[in-house]
K.L.:
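Have a look at this one before I ask anything.
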Amino acid sequence: MSEVCIIGGGASGLMAALTALSDPRNRVTLLERQGRVGRKLLSTGNGRCNLSNRHASPAHYHGADPDFCRPALEAFPVAETLRFFHQLGLVTVEEPDGKLYPRSNTANSVLDVLRLALEGQPDRLTLRTGDPVTSLKCRGQGFTVTLESGEVLRDMDCVILAAGGAAGSKVGGVLDGYRLAKGLGHHRTALTPALVQLKTDPTYPRSLKGVKNTARITLRRGREVLAENHGEILFTEYGVSGPAIFEISRYAIGEDVTLSLDLWPEQSEADTVAWLRRRQALALRNRELTCGQAFTGALHSRLSQMAAKYAGLSPSLPLADAPEEALAALAHTCKCFVLPVTGICGFDQAQVTAGGLRTDEFDPHTLQSRLVPGLYACGEVLDVDGDCGGYNLQWAWSSGHLAGQLR
């Protein structure tokens, strides 16, 4: 009987545990520093749990070696992941963009089927929660694990590091995995928050707090384009959020970065001017229509008010009295609303950590350490992170399954 210790009871750790338990020769000790397993899982997808994405492939992942994730994704692809969860009783639904959710629309359903599956293995599973690991040492052919309570687990044949990353500290994000791996000679890359909100000059976003809009997004440093995207954005008190912002947040690092928003991407600036001229013709018959209401019917009312202020116009100016250059200024604001980026939000608000344990120190086909035989790593603790939309959880399932095979 092999003694397997898994450090971390998040998505990848739970998958690793169930995979290891599928081999009757293994006995598993699952350690989770928090009072219960899977707490971070409950917060994913705004509580809905976007558990995967039909389009998962290495093209959607990042790190020093983005292709490192390929063997795990190919060994346990989306179809296998869905088959695994369906066998546990989870019913899933797919959205048009490939995002996969539990039919119940609640993350509790995903965690519950995993927890029930673990409870079905009482003879070969030991679950310990609320007692963080303080030390991990390699002793000859095995490992010794020391807990904060002072308890020492000896003669562990294999250890799987599934301790997650630094993101989401309120729901379990810690540096434990990096620290424990470092004690065994491993190294990590720089850690930065990813899939996170942008901070900008708050002058305009503050008045737009809570407003959503579909936009074309461009991040620039001077004339250099750092990243581009298209999708839903959400204005906040301190800047901009939303899925389309999350996906490019990793590039908003450094000084002199600006965010340019095309608030009406379906049409050109010339088309927007023409549309405003037609609105102005209407305003000749309705003197109550103001420059602050110029985009009423096309944009949120607060966005329309903001556009007038940004263009240097009084929102109360009758649109009928606006000169041609005022219409041009309004159209340009709509198509090129620029905000200076002052930074990104921190790990507390980030959905995932960019960076992690160096992947060149692990075998991508087994996820076993090249430095310490018997040590494996999976999930966010490695230098692999995915785009927004279920890709990070798919990496957790695929890597946890691969590591749990203990090859």
Side-chain angles (χ1 to χ4, degrees), residues 196-280 283 289-317 319 321-344:
V196 70
Q197 303 93 328
L198 296 186
K199 295 179 180 180
T200 71
D201 181 320
T203 304
Y204 295 102
R206 185 174 291 142
S207 65
L208 296 170
K209 181 180 178 182
V211 173
K212 294 181 179 180
N213 191 77
T214 298
R216 182 177 294 115
I217 306 162
T218 307
L219 270 180
R220 289 187 176 90
R221 180 178 289 112
R223 293 185 177 181
E224 178 190 5
V225 174
L226 303 175
E228 295 179 294
N229 205 2
H230 181 281
E232 185 180 88
I233 62 170
L234 169 68
F235 290 97
T236 68
E237 187 171 351
Y238 48 80
V240 191
S241 182
I245 294 294
F246 291 159
E247 290 175 357
I248 63 170
S249 60
R250 71 179 64 249
Y251 304 106
I253 306 296
E255 299 180 350
D256 302 321
V257 177
T258 59
L259 176 69
S260 178
L261 300 175
D262 179 349
L263 300 172
W264 199 348
E266 300 94 311
Q267 64 177 18
S268 69
E269 189 165 334
D271 290 337
T272 305
V273 171
W275 187 87
L276 286 169
R277 288 196 190 107
R278 292 193 294 273
R279 293 285 289 172
Q280 190 174 50
L289 190 62
T290 66
C291 285
Q293 299 167 323
F295 288 105
T296 299
L299 301 178
H300 190 285
S301 60
R302 278 191 277 157
L303 270 176
S304 186
Q305 290 283 329
M306 179 281 300
K309 294 177 183 178
Y310 189 92
L313 303 171
S314 169
S316 61
L317 174 69
L319 186 59
D321 296 339
E324 182 68 17
E325 56 267 27
L327 300 186
L330 283 169
H332 187 67
T333 295
C334 179
K335 298 296 291 180
C336 189
F337 175 39
V338 179
L339 293 168
V341 176
T342 59
I344 60 175

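Counting begins at 1 with the first residue of the sequence.
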K.L.:
Quick one: CD1 on Ile245 to CD on Gln197, what's the gap to the nearest 0.5 Å?
P.N.:
10.0 Å
K.L.:
I'd like to know if the side chain of Arg216 reaches the main chain of Asp262, judged simply by a donor and an acceptor atom lying under 3.5 Å from each other, with no hydrogens or angles considered.
P.N.:
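Looks like no, no N/O pair under 3.5 Å.
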K.L.:
Test side chain to side chain contact (heavy atoms under 4.5 Å, CB included) on Glu228 and Ile248; report intermediate values, then the result.
P.N.:
CA-CA 7 Å; Glu228 295 179 294; Ile248 63 170; over 6 Å; no
K.L.:
To the closest 0.5 Å, what do you measure between CG (Leu303) and OG1 (Thr296)?
P.N.:
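Rounded to the nearest 0.5 Å, the CG-OG1 separation comes out at 11.0 Å.
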K.L.:
Between Ser260 (side chain only) and Cys336 (backbone N and O only), is there a donor and an acceptor less than 3.5 Å apart?
P.N.:
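Such a contact is absent between Ser260 side chain and Cys336 backbone.
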K.L.:
Which pair of non-hydrogen atoms, one from Asn229 and one from Ala244, has the smallest distance, and what is that distance?
P.N.:
ND2-O, 3.0 Å
K.L.:
Between CD1 of Ile344 and CZ of Arg250, what distance do you get to the nearest 0.5 Å?
P.N.:
10.0 Å
K.L.:
Show your reasoning for whether side chain to side chain contact (heavy atoms under 4.5 Å, CB included) applies to Ile217 and Glu247.
P.N.:
CA-CA 11 Å; Ile217 306 162; Glu247 290 175 357; over 6 Å; no
K.L.:
Would you say that Glu266 contacts Asp271 through its side chain, given a criterion of any heavy-atom pair below 4.5 Å between the two side chains?
P.N.:
no
K.L.:
Any chance you could measure His332, atom NE2, to Glu269, atom CD, to the nearest 0.5 Å?
P.N.:
6.0 Å
K.L.:
Counting only heavy atoms not in Glu255 (residues, nucleotides, ligands), do more than 12 fall under 6.0 Å from its CD?
P.N.:
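Open: at most 12 neighbouring heavy atoms sit under 6.0 Å from CD of Glu255.
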K.L.:
Is there side-chain contact between Leu219 and Thr258, with at least one heavy-atom pair below 4.5 Å?
P.N.:
no
K.L.:
Would you call Leu330 and Phe295 a side-chain contact if the rule is heavy atoms closer than 4.5 Å?
P.N.:
yes
K.L.:
Scan Thr200, Leu339, Val341 and name whichever one has a side-chain contact (heavy atoms from CB on, under 4.5 Å) with Val257.
P.N.:
Val341
K.L.:
Any non-hydrogen side-chain atom of Leu198 less than 4.5 Å from a side-chain atom of Ser249?
P.N.:
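Leu198 vs Ser249: side chains touch.
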K.L.:
Decide yes or no for Arg277 and Glu324: does some side-chain heavy atom of the first lie under 4.5 Å from some side-chain heavy atom of the second?
P.N.:
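In contact.
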K.L.:
Ring-plane angle category for Phe337 and Tyr310, please: parallel below 30°, perpendicular beyond 60°, tilted otherwise.
P.N.:
perpendicular
K.L.:
Measure across Leu327 and Ala322 and return the closest heavy-atom pair with its distance rounded to 0.1 Å.
P.N.:
CD2-CB, 4.4 Å
K.L.:
Quick one: closest heavy-atom pair of Ala308 and Cys291, and the distance?
P.N.:
CB-O, 3.8 Å
K.L.:
Any idea which heavy atoms bring Arg302 and Ser207 closest together, and the distance?
P.N.:
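Taking Arg302 first and Ser207 second, the nearest heavy atoms are NH1-O, 3.2 Å.
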K.L.:
Roughly how far apart are Leu208 CG and Gln305 CD, rounded to 0.5 Å?
P.N.:
10.5 Å
K.L.:
State whether the side chain of Lys309 and the backbone N or O of Gly292 hold a donor-acceptor pair below 3.5 Å, judged by distance alone.
P.N.:
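Judged by distance alone, no pair lies under 3.5 Å.
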K.L.:
Looking at every heavy atom in both Ile253 and Arg221, which two are closest together, and how far apart are they?
P.N.:
O-NH2, 2.5 Å
K.L.:
Specify the closest pair of heavy atoms between Trp264 and Thr272, including all atoms of both residues, with the distance to one decimal.
P.N.:
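It is CE3-CG2, 4.3 Å.
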K.L.:
Could you tell me whether the side chain of Asn213 reaches within less than 4.5 Å of the side chain of His300, counting heavy atoms only?
P.N.:
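A side-chain contact is absent here, since even the closest heavy-atom pair is not under 4.5 Å.
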K.L.:
Drop me the distance from Gln293's CD to Ser316's OG, to the nearest 0.5 angstrom.
P.N.:
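So the gap between those two atoms works out to 10.0 Å.
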